[in-house]
Protein chains: 2
Amino acid sequence: MATAAPIRSRKAQIDRTATALFRARGFAATSMRELATELGLEAGSLYSHIKSKEEILHRVCFGLAEDFFAGFAAATLDTAAPIATQLRLAIEAHVRVLTRDSAASAVFLHEWRHLSEPARTEFLALRDRYEASFRELIQRGIAANELHAPDAAFAALTLLASLNWLPAWYRPDGKLSPDDIAHRLAEQLLGGLLTNK
Amino acid sequence: MATAAPIRSRKAQIDRTATALFRARGFAATSMRELATELGLEAGSLYSHIKSKEEILHRVCFGLAEDFFAGFAAATLDTAAPIATQLRLAIEAHVRVLTRDSAASAVFLHEWRHLSEPARTEFLALRDRYEASFRELIQRGIAANELHAPDAAFAALTLLASLNWLPAWYRPDGKLSPDDIAHRLAEQLLGGLLTNK
DNA sequence: CCTACCGATCGGTAGG
DNA sequence: CCTACCGATCGGTAGG
């Protein structure tokens with residue numbers, strides 16, 4: 001009889017547990033021994049599955065970056081739709097990524113600076129590109145007279161800031177479902193941007 | 001002849017330099033040797049001026065908490081003023097604290113979790129109380145029909161989130177002065193909240 | 001996946 | 001403020 005396949009690969013299990021620890025204690029303050037204990041094995045054994053502590057961080061940060069880009073691309077696929085609609089969908093997609101895995105999101109948002117070069121610079125370039133996508137969408141909305149804001153860059157920054165605070169207070173077992181939260185955030189943030197309310 | 005008094009006390013100098021390092025690398029990843037080198041002395045010598053690494057973090061976090069509370073109190077001193085005015089002043093006071101020392105602000109916002117108990121719990125209680133102040137102000141504004149928002153708690157969270165992103169992008173030598181930034185942020189964030197725009 | 005271990009570095013102290 | 005040092009812990013490896 002073959003042994004039952006593990007529900008998740010050991011590597012994925014390590015990533016998941018490490019992500020939770022990185023979020024709770026920070027990357028630098030999380031030790032590989034702590035991680036190993038949490039997984040029920042010895043510190044040295046981790047290295048049969050991963051190459052280094054930073055490799056985990058790298059996977060988490062760049063994996064989430066992909067998710068954010070994919071969400072934005074899907075939200076803005078229909079370029080004929082009103083910009084306000086595209087923006088609303090982009091906000092909801094962003095919130096969906098944040099709530100699907102808020103631990104990984106928190107690591108993505110706060111622990112990336114422990115990446116060593118060149119990964120750190122590459123990561124920041126991705127993040128800048130993502131912010132620029134929102135900024136440009138808002139700019140197009142202003143040009144089309146669908147949105148109003150004194151400064152598109154400012155508006156994009158505060159919009160993403162509001163959304164990115166979510167992992168700090170979101171509880172998966174809270175009263176509001178991820179979709180409720182996404183709708184409410186989109187509603188409130190667009191409320192300040194829409195030309196005719 | 002007496003030697004010239006140091007411009008700042010050595011202790012204050014240590015706090016300042018440590019704050020910059022904590023912000024750049026994170027508390028856990030900053031070593032006392034690094035800090036000592038930056039100050040031009042040996043690691044052991046730091047301990048003639050401070051008791052521990054965490055003591056510095058404690059001073060920074062609780063010192064900033066005091067500043068935030070003082071700013072809010074000053075902004076809401078005139079209880080006869082319109083709530084919208086009080087809120088605008090509170091936003092500007094918050095931004096002023098953030099821009100006056102953005103390194104300390106970043107440490108306040110992100111490194112507090114490296115405080116050990118009971119300081120950590122005390123700190124979170126202060127932060128909660130501060131957020132509650134904003135929430136209650138917004139609630140009163142809604143009751144007085146000066147502000148509108150589907151949910152005061154939500155509004156307070158997103159408002160503070162937008163403001164607290166500032167240390168991440170603020171550059172003291174940028175084009176906008178702290179007061180410019182404060183005004184713009186207040187304008188934009190109130191734009192979504194005011195009943196009659 | 002474990003045992004046994006490496007060199008490096010950590011926060012902090014004693015004694016001057 | 002320095003020299004010299006402490007015990008603890010770190011990320012990671014060799015060999016099985």
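As the structure is a computational prediction, the values presented were derived from the model and not from experiment. Residue numbers start from 1 in every chain, and the chains themselves are labelled A, B, ... in the order their sequence lines are given, proteins ahead of strands.
Distance A:L46 CG to D:dG12 P: 10 Å, rounded to the nearest Å. One can place CD1 of B:I56 at 9 Å from P of C:dG12, the figure rounded to the nearest angstrom. Separating the CZ atom of B:R25 from the P atom of C:dC10 is a distance of 11 Å, rounded to the nearest angstrom. The distance from atom OH of B:Y47 to atom C1' of D:dC5 is 14 Å, rounded to the nearest whole Å. What separates CE of A:M32 from P of C:dT9 is a distance of 19 Å, to the nearest Å. Rounding to whole angstrom units, CD of residue B:E42 and C1' of C:dG16 are separated by 15 Å. What separates CG of A:L35 from P of D:dG12 is a distance of 11 Å, to the nearest Å. Taking atom CG of residue A:L41 and atom C1' of nucleotide C:dA4, one finds them 17 Å apart after rounding to whole Å.
Within the shown strands, C:dC2 is the pairing partner of D:dG15 under the Watson-Crick or G-U definition, both distances less than 3.5 Å.
Under the 3.5 Å distance criterion, with hydrogens and angles disregarded, no donor-acceptor pair is assigned to the side chains of B:R16 and B:Q13. In the model, A:T30 has no side-chain atom that pairs as donor or acceptor with a side-chain atom of A:E34 under 3.5 Å.
Side-chain contact check for A:H58 versus A:H114: every heavy-atom pair is 4.5 Å or farther apart.
Looking at heavy-atom distances under 4.0 Å, B:S48 makes contact with a base.
A close approach under 4.0 Å does not occur between any side-chain nitrogen or oxygen of B:R33 and OP1 or OP2 of C:dG12.
Ion pairing between B:R140 and B:E136 fails under the 4.0 Å rule for side-chain N and carboxylate O.
With DNA chain D read from its 5' end, the first of the two nearest nucleotides for A:S45 and A:S31 is the one closest to A:S31.
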